[in-house]
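The structure under discussion appears below in the form of structure tokens.
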Amino acid sequence: MAIKAEYIWIDGTEPTAKLRSKTKILDEGQEPPIWGFDGSSTNQAEGHSSDCVLRPVKVTPDPIRGGDSILVLCEVLDTDFTPHPTNTRAKTAELAEQYAGQESWFGIEQEYTFMVGSRPLGFPENGFPAPQGGYYCGVGADEIFGREIVEKHLDNCLAAGLPISGINAEVMPGQWEFQVGPASALEVSDSLWLARWLLYRTAEEWNVSATIDPKPAKGDWNGAGCHTNFSTKAMREDYEPIIAACEALGQDDKPAEHIAVYGDGIADRLTGAHETAHFTQFSYGVSNRGASIRIPWQVEKDKKGYLEDRRPNANMDPYLVTGKIVDTVCSALEKKGLV
């Protein structure tokens, strides 16, 4: 019996990479093989030497097509089988292996906005809706827009076996969030990319687009982030490593290093307003959503747990973000003997 396999990869579009996919027909029981594509059409090669290689890294059931169809997330290689310059997964895999003993976990909160043409779903054709406030975790057709798409996307993610842990409506009409994790750096990043693909693909059925633009509506509206929750085994057992992690994230040039890979357009979102810290400043605090790093109140009470990095944009590359956090925090905890 023939199996439909949807090969999915991240392209070379700048400043924010896009998802691409195409279908390969496999024989029943056949492992998804290495495949290829035209990199000159995805900003990953020149026309005179355009072949790029797709290497499967994660396979899940395909809830869109159903049956025995599968989704095949791939990393991109050059034809000599070395990581392509746009392959950000490879470096994170090295860092995850280097610090595997610290057992890093991530939980990522992906915010996004449904769009109809150039306006968010729920915005009137002329003018603006009521100010934000009642939309967050709201209920009712006057405050919630796109719930049927969100529910279908959640079902699709669960059917694909992704570690989705929740959904909620956000502060602007048409803006929503789903959470992925807790999981390792690679597992959470792979799953987030697949969940994004399923979001776009699911929304197609309603003729609606979904965007991870960090500021889809200009003016007095919250932007869209990708808050990243993080812990190591030591942080889950004691409070001192949590404070050490926060200090490490704010040390010397580390804030600028992180901001540089936290998504394009970050200055438009991290303004110091709308529950953000200004992108040029670093701070951390307990239960403070205006800080760069938030320590949940329950964590301070329990004297163990995790931290929330509130800086990453909705359009961030999770491989870059998780890799940078692992590198900064795990190396610091190792130096301090807090592992």
Side-chain angles (χ1 to χ4, degrees), residues 1-14 16-93 110 149 152-164 178 180 183-184 186-210 212 317-319:
M1 184 176 66
I3 303 296
K4 297 175 184 175
E6 192 71 11
Y7 276 60
I8 300 167
W9 74 97
I10 298 114
D11 76 359
T13 300
E14 295 181 347
T16 301
K18 297 171 60 176
L19 284 161
R20 308 281 185 143
S21 68
K22 61 176 183 171
T23 305
K24 187 175 184 64
I25 304 302
L26 306 179
D27 293 329
E28 185 176 11
Q30 179 184 0
E31 288 293 318
I34 285 173
W35 202 16
F37 68 96
D38 171 17
S40 68
S41 297
T42 62
N43 303 302
Q44 288 168 299
E46 299 292 337
H48 61 83
S49 181
S50 65
D51 288 328
C52 292
V53 176
L54 294 173
R55 178 163 65 189
V57 296
K58 183 177 178 65
V59 179
T60 74
D62 182 349
I64 303 291
R65 286 172 167 152
D68 292 322
S69 298
I70 55 176
L71 302 178
V72 184
L73 181 68
C74 301
E75 64 176 346
V76 179
L77 307 178
D78 280 324
T79 52
D80 61 0
F81 292 93
T82 59
H84 189 274
T86 61
N87 180 348
T88 54
R89 187 183 192 275
K91 177 62 175 177
T92 296
Q110 175 70 71
I149 312 174
K152 184 61 176 178
H153 173 246
L154 176 61
D155 288 344
N156 285 339
C157 287
L158 292 173
L162 302 182
I164 299 294
F178 64 85
V180 181
S184 67
L186 286 183
E187 175 63 19
V188 80
S189 299
D190 291 344
S191 297
L192 181 58
W193 278 115
L194 282 172
R196 285 173 172 176
W197 186 90
L198 282 169
L199 175 65
Y200 304 145
R201 179 62 183 81
T202 301
E204 282 183 21
E205 299 179 11
W206 278 266
N207 199 31
V208 169
S209 62
I212 53 175
D317 179 344
Y319 297 128

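Please read these numbers as outputs of a predicted model, since none were measured by experiment.
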Practice task
Check whether any side-chain N or O of Glu205 sits under 3.5 Å from a backbone N or O of Ile149 as a donor-acceptor pair, and report yes or no.
Solution key: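 Side chain of Glu205 to backbone of Ile149: no pair is present.
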
Practice task
Could you go through the salt bridge (Lys or Arg N to Asp or Glu O under 4.0 Å) check for Arg201 and Glu6 one step at a time?
Solution key: CA-CA 12 Å; Arg201 179 62 183 81; Glu6 192 71 11; over 6 Å; no

Problem - Residue pair Trp9, Thr42: steps toward the side-chain contact (heavy atoms from CB on, under 4.5 Å) verdict - result: CA-CA 10 Å; Trp9 74 97; Thr42 62; 4.2 Å; yes

Practice task
Answer yes or no: are there more than 12 heavy-atom neighbours, outside Lys22 itself, under 6.0 Å from its atom NZ?
Solution key: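 More than 12 within 6.0 Å, yes.
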
Problem - Heavy atoms of other groups near Lys24 NZ, more than 12 under 6.0 Å - result: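 Buried by this count: over 12 neighbours within 6.0 Å.
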
Using 0.5 Å steps for rounding, measure from the [atom1] atom of [X] to the [atom2] atom of [Y].
{"X": "Lys58", "Y": "Ile70", "atom1": "NZ", "atom2": "CD1", "value": "12.5 Å"}
{"X": "Arg196", "Y": "Ile212", "atom1": "CZ", "atom2": "CD1", "value": "4.0 Å"}
{"X": "Ile25", "Y": "Ile3", "atom1": "CD1", "atom2": "CD1", "value": "9.0 Å"}

Practice task
Can you sort out the partners of Lys152 under side-chain contact (heavy atoms from CB on, under 4.5 Å), two or more places apart, ordered by chain and number?
Solution key: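 side-chain contact (heavy atoms from CB on, under 4.5 Å) list for Lys152, sorted by chain: Asn156, Thr202, Trp206.
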
Handout entry: Nearest heavy-atom neighbours spanning Gly39 and Cys52
Key =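 The answer is CA-SG, 3.9 Å.
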
Exercise for the section: Check the pair Trp35 / Val72 against side-chain contact (heavy atoms from CB on, under 4.5 Å), numbers first and verdict last. Expected result: CA-CA 11 Å; Trp35 202 16; Val72 184; over 6 Å; no

Practice task
Begin from the C-alpha positions of Ile8 and Leu194 and carry the test side-chain contact (heavy atoms from CB on, under 4.5 Å) through to its verdict.
Solution key: CA-CA 8 Å; Ile8 300 167; Leu194 282 172; 3.8 Å; yes

Handout entry: Side chain proximity check, Val59 to Glu31, heavy atoms < 4.5 angstrom
Key =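 Counting from C-beta outward, Val59 and Glu31 never come under 4.5 Å.
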
Exercise for the section: Mind running side-chain contact (heavy atoms from CB on, under 4.5 Å) on Leu71 and Leu198 for me, showing each step along the way? Expected result: CA-CA 10 Å; Leu71 302 178; Leu198 282 169; 4.0 Å; yes

